[in-house]
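Take a look at the structure set out below.
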Amino acid sequence: MAVKVIEEKCKGCQKCVKACPFDAITMQEKIADIGPACTNCGTCVDVCPFGAIEKLEEGKKGVDVTQYHDVWVFAEQREGKLMGVSVELMGEGKKLANEIGCKLCAILCGENVDNLVDELFEYGADKVYYANDPELKTYNTDPYTKVVYKAIVKYKPEVVLLGATHVGRDLGPCLAVHCGTGLTADCTKLDIDPTDKKLMQTRPAFGGNLMATILCPNHRPQMSTVRPGVMEKPKREAGKKGELIKLNVEFKEGDIRAKVLEVVKGLTEKVSLTDAKVIVSGGAGLGNPEGFKLIKQLADRLGGVVGSSRAAVDAGWIDHSHQVGQTGTTVKPELYIACGISGAIQHLAGMQTSKTIVAINKNENAPIFEVADYGIVGDLYKVIPAILDALG
Ligand SMILES: Cc1cc2nc3c(=O)[nH]c(=O)nc-3n(C[C@H](O)[C@H](O)[C@H](O)COP(=O)(O)OP(=O)(O)OC[C@H]3O[C@@H](n4cnc5c(N)ncnc54)[C@H](O)[C@@H]3O)c2cc1C
């Protein structure tokens, strides 16, 4: 959109000058003049009593959406292993493909990761597009973007799903910009509109206080990055086969601008909250970092891992890799024990689908009790040792 003054209608009242949030409008010989600071926000259009400022809608051309078919999952691999979120997306992708009435395909990039092709078939892929090249061994923006973008242009998928990992969050927007299409980041729910088969992409917005459902009606592919740990993993069907399509990979001088020198593994690699069956989490109610020793004791006793609220991370008591919630990890264990955690919406967003939730909190009105299956009102420093005693 752009805005334009219709000079014949302007009466020089200066209402637009006062209303412009960017001081972009000045008076030139008693006629409003829109300068380069204009962001096309349209405030002036609404305040002008004489209809002297108009919006110019730029042509929204879109593409011929009928040419695009199939649901694609970007099969992210690291060190020759499929990322859990890619497996989850195979399950979700199959559901979407069935609802649209199209095929589920995976696109895989790597070096000699042929074994993953079979794995993807076994997780439900009808077709696997496979790019095998030394430059694709480790994720790098340029080569991955080039290969996947070329495949999108050639094979025209209707939907492309990526895990909202660091890789997916980097690759997704690059692809969307190249394709001139829309991307919804960090989705927690995907559905197909039964009337027109379009993808409805839902993600938390405004600090998780509302859920926004976003559509991409006129451009293709419809692209989403999806939060790890939210979708169900499909059952693996041993021996299932599909069609393998090998992608031609060619890089010219200057195609790859960044070089990966070394991959340094952080602590995050060691804390596998998404795969844990039991998580014992501590929050600000611990009162001090030492409290996590008690949390760890209980987690160890139950064969689980330690989680935390953001308040505990912000206090510097524990590393962010342990954080559960909207800006941490989304988890779905068999058992989630929240100790000294109030149950803010941003925390609940990351754990409320856990199978059984136990809350230990001094305050019987804490919101965590609203999602808890079992609640213990009491001081965690008395309750946890009692549980440990009872466990023997
Ligand atoms: C954009 C945004 C994103 C966010 N993302 C996340 C996120 O990913 N994860 C997250 O957790 N938060 C997140 N937050 C922060 C969130 O809003 C809360 O501030 C945070 O979850 C509070 O952590 P808490 O429950 O540990 O602390 P508090 O809210 O301070 O609660 C402490 C609780 O401990 C109880 N307590 C105190 N002493 C004891 C005791 N001895 N025994 C038992 N109970 C006791 C208290 O009754 C209280 O209920 C986010 C916030 C924003 C704005």
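Indexing begins at 1, ligand by ligand and atom by atom, following the structure's order. Here the structure is a predicted model, which is why all the values come from computation and not from measurement.
- Between I376, N361, D379, I345, it is N361 that holds the heavy atom closest to atom 35 (C) of ligand 1.
- When the options K362, M351, Q323, K382 are ranked by their closest heavy atom to atom 7 (C) of ligand 1, first place goes to Q323.
- Taking every heavy atom of A311 and a limit of under 4.0 angstrom, the matching atoms of ligand 1 come to 22 (C), 23 (O), 24 (P), 26 (O), 27 (O).
- E76 and S86 share no donor-acceptor pair across their side chains, judged by distance under 3.5 Å alone.
- Side-chain contact of Q352 with S354: a donor-acceptor pair under 3.5 Å is absent, judged by distance alone.
- With ligand atoms numbered from 1 in the order given, ligand 1 contributes 26 (O) to contacts under 4.0 Å with heavy atoms of G283.
- A side-chain donor-acceptor contact under 3.5 Å links D170 and T141.
- Those atoms of ligand 1 that come under 4.0 Å of a heavy atom in A344, given as number and element, are 16 (C), 17 (O), 18 (C), 21 (O).
- Here the SG atom belonging to C10 is positioned 8.5 Å from the CZ atom belonging to F50, to the nearest 0.5 angstrom.
- Between the choices S308, G328, C339, G285, the shortest heavy-atom distance to atom 37 (C) of ligand 1 belongs to G285.
- Which parts of ligand 1 touch T327 is read off a 4.0 Å heavy-atom cut-off, strictly below it: atoms 3 (C), 4 (C), 5 (N), 6 (C), 7 (C), 8 (O).
- Under a 4.0 angstrom heavy-atom cut-off, G378 registers as being in contact with ligand 1.
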